[in-house]
There are 2 protein chains.
Amino acid sequence: MTAIKKTSTIQENKQYALAACPVTYVMERIGGYWKPIILYHLSHGDRRYSELRKAIPAITEKMLIQHLKQLETDQLVIREARPVVPPFVTYRLTDAGKGLLPVIDAMATWAMKNMEGAFS
Amino acid sequence: MTAIKKTSTIQENKQYALAACPVTYVMERIGGYWKPIILYHLSHGDRRYSELRKAIPAITEKMLIQHLKQLETDQLVIREARPVVPPFVTYRLTDAGKGLLPVIDAMATWAMKNMEGAFS
DNA sequence: CATGATACATACTTTGGGGTAAGTACTTGT
DNA sequence: ACAAGTACTTACCCCAAAGTATGTATCATG
């Protein structure tokens with residue numbers, strides 16, 4: 001069959017989408033199953049790691065930290081660790097993170113309307 | 001420790017997220033790399049299949065139809081096929097589909113601000 | 001001295017979304 | 001007769017995201 005692939009189209013597409021589409025830009029940051037949920041829980045104020053775990057029982061610890069780290073490097077949350085004996089770490093939204101809440105609200109509003117059949 | 005797994009956590013999580021989180025509900029419909037882009041192109045009016053293909057050169061035909069079909073079954077677009085000799089098929093947004101445009105706008109607005117460093 | 005709590009880390013496996021490549025049906029143009 | 005255009009369909013493959021399971025450091029408490 002002799003492969004003809006020149007370069008990775010996947011990466012090309014990613015670049016294309018990122019450059020051309022702000023929606024993709026947002027998706028890259030809050031896409032995935034857990035990020036919006038985490039953001040939602042942080043919207044009410046700062047939370048400890050263990051509080052988040054209890055608030056979102058279905059998430060695994062690996063996913064929780066992984067996403068928290070990504071949100072941190074994306075400048076959407078701030079991690080604050082106090083150097084105490086049993087670790088005490090809190091997470092809270094940055095201004096950019098808070099700026100996403102209207103987006104989430106808009107989505108929630110549409111979802112409610114749609115689920116109620118407002119459009120059908 | 002003797003495993004404790006009861007049933008497929010993946011499906012449970014999906015159910016949990018869908019029930020508890022309207023954002024996930026939205027993501028299920030407009031998530032993925034291409035759906036928002038397709039929606040964007042349809043926001044300006046109805047488009048033929050081949051017009052969409054030309055407007056989004058990076059997408060493959062398989063992805064384009066696959067997503068169009070999904071959008072159709074999700075009641076976000078309407079497919080109209082005229083029974084003519086060279087096929088003539090147009091797609092356009094439903095009211096629910098149009099209802100998503102504010103969401104996309106909110107995302108775009110945030111993305112612009114964030115990319116310009118308005119939050120840093 | 002071993003258990004529990006806290007906040008992680010990490011090796012391994014699975015799954016499904018997305019990509020590649022090729023084929024179909026029907027008709028017009030040359 | 002055969003290529004070209006339209007709107008798909010299908011078989012196959014790959015990789016990254018998500019999940020499973022287990023380990024780590026520190027100290028308090030029974």
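Residue numbers begin at 1 in each chain, while the letters A, B, ... track the order of the sequences. Note that this is a predicted model, so its numbers are computed, not measured.
Atom CZ of A:Phe119 sits in a crowded spot, with more than 12 heavy atoms from other residues, nucleotides or ligands closer than 6.0 Å. No more than 12 heavy atoms of other residues, nucleotides or ligands sit less than 6.0 Å from atom CD of B:Gln75.
Nearest nucleotide to the B:Lys62 side chain, out of C:dA7, D:dA18, D:dC12: D:dC12. Nearest to the side-chain atoms of A:Thr60 among the listed nucleotides D:dT20, D:dA7, C:dG18 stands D:dT20. Comparing C:dG18, D:dT6, C:dT6 by their closest approach to the side chain of B:Arg53 singles out D:dT6. Taking only side-chain atoms of B:Ile65, from C-beta outward, the nucleotide of D:dC8, D:dA7, C:dC8 with the closest atom is D:dC8. Looking at the side chain of A:Lys69, the nearest of the listed nucleotides D:dA7, C:dA9, C:dG18 is C:dA9.
Residue whose closest nucleotide on DNA chain C sits further toward the 5' end, between A:Lys54 and B:Glu61: A:Lys54.
Protein atom CE of B:Met63 is 19 Å distant from nucleotide atom P of D:dA7, rounded to whole Å. Atom CD in B:Glu28 sits roughly 12 Å away from atom C1' in C:dG17 (whole-Å rounding). Put simply, CD on A:Gln66 is 14 Å from P on D:dT20, counting in whole angstrom units. Put simply, NZ on A:Lys35 is 12 Å from C1' on D:dA18, counting in whole angstrom units. Separating the CZ atom of B:Arg47 from the C1' atom of D:dT6 is a distance of 18 Å, rounded to the nearest angstrom. A straight line from CE of B:Met27 to P of C:dG17 spans 15 Å, rounded to a whole angstrom. Distance B:Glu72 CD to D:dC8 C1': 13 Å, rounded to the nearest Å. Atom CD of B:Glu80 is separated from atom P of D:dA7 by 13 Å (rounded to the nearest Å).
For the pair B:Thr90 (side chain) and B:Arg48 (backbone), a donor-acceptor distance under 3.5 Å is absent. Side chain of B:Arg53 to backbone of B:Tyr49: no donor-acceptor contact under 3.5 angstrom is found.
The two atoms that bring B:Leu101 and B:Ser43 nearest to each other are CD2-CB, 3.7 Å, heavy atoms only. B:Lys35 and B:Gln70 make their closest contact through NZ-OE1, 3.0 Å (heavy atoms, listed as atom of the first residue, atom of the second, distance). The two residues B:Val89 and B:Ala81 have their closest heavy-atom pair at CG2-CB, 4.0 Å.
Between B:Arg48 and the phosphate of D:dT6, there is no side-chain N or O to OP1/OP2 separation shorter than 4.0 Å. Residue A:His67 places no side-chain N or O under 4.0 Å from the OP1 or OP2 atom of D:dA17.
Contacts of B:Tyr91 classified as ring pair (Phe, Tyr, Trp, His ring centres under 6.0 Å), with partners at least two apart in sequence or in another chain: none.
Less than 4.0 Å separates DNA chain C from at least one heavy atom of each of the following residues of residues 85-93 of chain A: A:Pro87, A:Phe88, A:Val89, A:Tyr91.
Taking the side chain as every heavy atom from C-beta outward, B:Leu93 and B:Leu71 never approach each other to under 4.5 Å.
Residue contacts for B:Arg79: at a heavy-atom cut-off of 4.0 Å it reaches the sugar-phosphate backbone alone, with no base atom in range.
Across its full length, the helix from C:dC1-D:dG30 to C:dT30-D:dA1 shows an angle of 30° between the axes of its 5 terminal pairs at either end, rounded to 10 degrees.
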